[in-house]
Number of protein chains: 2
Amino acid sequence: MATPNISLTVDAIVFGYEPKEGLSVLLVKRKYPPFKGRWAIPGGFVKEKESLEQAVERELEEETGVKVNYLEQLYSFGNPKRDPRSRIVTIAYYGLVRSANFELFAATDAEDAQWFHLSELPKLAFDHQKILDYALERLRSKVGYQPIGFKLLDKKFTMEEIHHLYEVIYGRKLDRRNFRKKFLKLEILEELEEKSGGGRGRPGSYYRFDEKKYLALEKKGMTFEV
Amino acid sequence: MATPNISLTVDAIVFGYEPKEGLSVLLVKRKYPPFKGRWAIPGGFVKEKESLEQAVERELEEETGVKVNYLEQLYSFGNPKRDPRSRIVTIAYYGLVRSANFELFAATDAEDAQWFHLSELPKLAFDHQKILDYALERLRSKVGYQPIGFKLLDKKFTMEEIHHLYEVIYGRKLDRRNFRKKFLKLEILEELEEKSGGGRGRPGSYYRFDEKKYLALEKKGMTFEV
DNA sequence: AAATATTCTCGTATTTTGTACGCAAATTAA
DNA sequence: TTAATTTGCGTACAAAATACGAGAATATTT
């Protein structure tokens with residue numbers, strides 16, 4: 001009755017973001033065959049007593065030292081031939097972290113886990129490129145109707161930062177002034193006293209995503225749309 | 001290394017539609033414990049050499065005799081406690097069929113598999129109510145931006161029928177004239193010569209969904225939106 | 001057969017939303 | 001001090017969504 005010959009893994013596409021760098025993806029180098037030496041997305045077998053999300057977080061911690069700020073189930077991939085060894089079905093997740101380059105190197109050695117800029121991806125093991133494509137598509141559509149973009153930024157951020165983030169994710173220019181208007185009209189940002197010094201030109205306010213306000217408005221039927 | 005103690009199943013929420021009845025869901029009565037005698041959504045263990053979609057279609061055929069017209073992966077449910085016997089992770093799908101009441105009774109006896117109107121659902125086994133809620137939410141959002149509503153109707157249908165379908169799925173009134181305008185402007189419907197006789201009032205044209213036209217327009221960046 | 005009711009189809013007016021873009025204010029760099 | 005840069009506000013125009021009037025085609029009632 002049971003299915004002892006099918007194994008279950010979880011894998012995670014983790015997106016990181018740095019204002020100057022843009023979007024990057026966290027990959028690990030495989031130590032054993034098949035695809036020994038190839039880059040792959042982190043993941044591994046689910047243990048019997050842990051939830052799927054716990055499994056993802058554990059594997060990420062073990063293999064890369066990264067703790068994600070947001071985690072969402074993506075899709076399950078179960079093609080019988082996707083792993084040359086045996087039947088392995090994987091439940092793929094994607095995660096978001098801020099300050100990409102920071103947290104990583106502490107917990108692991110840079111040989112095994114690295115951030116790759118989206119435009120400089122190596123060839124990936126298994127069907128991982130397909131999973132990555134799927135994740136990117138999901139991210140692109142989801143930032144438009146759910147406030148998850150903030151998970152890629154620091155708690156406080158300027159209009160310029162979030163504007164640039166959306167331009168990077170969508171891969172096209174967005175009018176700065178209209179973007180601002182639209183975003184502020186949602187009434188889910190809290191403007192802080194502090195201004196962004198340092199850069200050139202007039203400093204802009206810092207903002208913070210007000211999750212409580214968002215949840216209250218969401219309940220009333222408001223829809224986040226960018 | 002492997003995970004022999006986790007089993008993998010697939011389950012499917014199948015939505016049927018009849019103009020007079022509205023939306024219904026296909027359920028099967030459980031023959032064995034746990035939850036013996038309770039209604040549940042059809043599904044079962046995945047075999048080693050079949051794809052996930054094949055598994056869904058096989059189980060549906062075996063348990064209910066229904067062949068779906070559309071099938072889409074929904075979400076994977078893996079809470080360690082979701083099955084009281086052992087760790088069973090399920091990959092849930094949802095499917096759509098037209099002429100709900102028709103195909104069912106031929107292949108199975110009505111005792112075991114039945115359509116339930118959405119407003120008259122029995123208490124379900126396991127976490128199946130949660131899966132059903134999830135499926136309904138997905139259906140509601142997806143009919144708005146993908147042309148899957150047609151899969152619930154006959155090949156030819158009137159404006160009144162598809163209009164009513166959307167009202168049922170959304171659970172609210174939609175202005176008939178604006179709905180018509182919007183739908184026709186998409187240019188994915190082929191108007192047929194035939195008119196709908198029989199009913200009261202002026203007969204309306206039959207239409208057919210033109211999939212080729214839709215795919216061509218989609219490639220050009222057109223977006224279906226209702 | 002005529003009058004009435006029902007439903008489809010076309011059309012128009014109004015409101016809302018999206019887009020393009022000008023320009024003063026605040027700051028840094030020269 | 002002047003020039004360059006960036007923020008923040010506002011306005012004009014275009015496009016899309018919504019409300020709804022009314023004639024055409026058919027069935028039903030009288």
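Throughout, a chain's letter reflects where its sequence line sits, starting with A, and its residues are numbered from 1.
Checked for salt-bridge contact, B:E57 and B:K67 miss the test: no charged N lies under 4.0 Å from a carboxylate O. Between B:D154 and B:R98 there is no salt bridge, since no side-chain nitrogen of the basic residue lies less than 4.0 Å from a carboxylate oxygen of the acidic one. Note on A:D112 versus A:K29: no salt bridge recorded, every NZ/NE/NH1/NH2 to OD/OE distance being 4.0 Å or above. Of the charged side-chain nitrogens involved, none lies within less than 4.0 Å of a carboxylate oxygen, so that B:K212 and B:D210 do not count as a salt-bridged pair. Electrostatic pairing of B:R177 and B:D175 counts as a salt bridge here, judged by a charged N lying under 4.0 Å from a carboxylate O. Ion pair B:R58/B:E50 flagged as a salt bridge, since at least one NZ, NE, NH1 or NH2 atom sits closer than 4.0 Å to an Asp/Glu carboxylate oxygen.
Atom CG of B:D175 and atom C1' of C:dC8 are 13 Å apart (whole Å). Distance, B:H163 NE2 to C:dC8 P: 10 Å, rounded to whole Å. We find that CZ of B:F183 is positioned 16 Å from P of C:dC10, with the value rounded to whole Å. Whole-Å rounding puts the B:Y206 OH to C:dC8 P distance at 12 Å. Residue A:F179 contributes atom CZ, which lies 19 Å from atom P of C:dT17 at whole-angstrom precision.
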Tell me which donor-acceptor pairs under 3.5 Å the side chains of residues 71-78 of chain B have, and how far apart each pair is, sequence neighbours excluded?
residue : atom : partner : partner atom : Å
B:E72   : OE1  : B:Y70   : OH           : 2.5
B:E72   : OE1  : B:Y94   : OH           : 2.9
B:E72   : OE1  : B:K142  : NZ           : 3.4
B:E72   : OE2  : B:R138  : NH1          : 2.7
B:E72   : OE2  : B:K142  : NZ           : 3.3
B:Q73   : OE1  : B:Y93   : OH           : 3.4
B:S76   : OG   : A:S76   : OG           : 2.6

Inset, instruction - Summarise how protein sits on nucleotides 8-16 of chain D as a single string, 5' to 3': B when a protein heavy atom is under 4.0 Å from the base, S for sugar-phosphate-only contact, - for no contact. - result: BBBB-----
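Of the residues in residues 218-226 of chain A, not one places a heavy atom less than 4.0 Å from an atom of DNA chain D.
Not one side-chain nitrogen or oxygen of B:R200 sits closer than 4.0 Å to the OP1 or OP2 atom of D:dT28.
Taking the six-membered ring wherever Trp is involved, the centroid distance between the rings of B:F209 and B:F157 does not fall below 6.0 Å.
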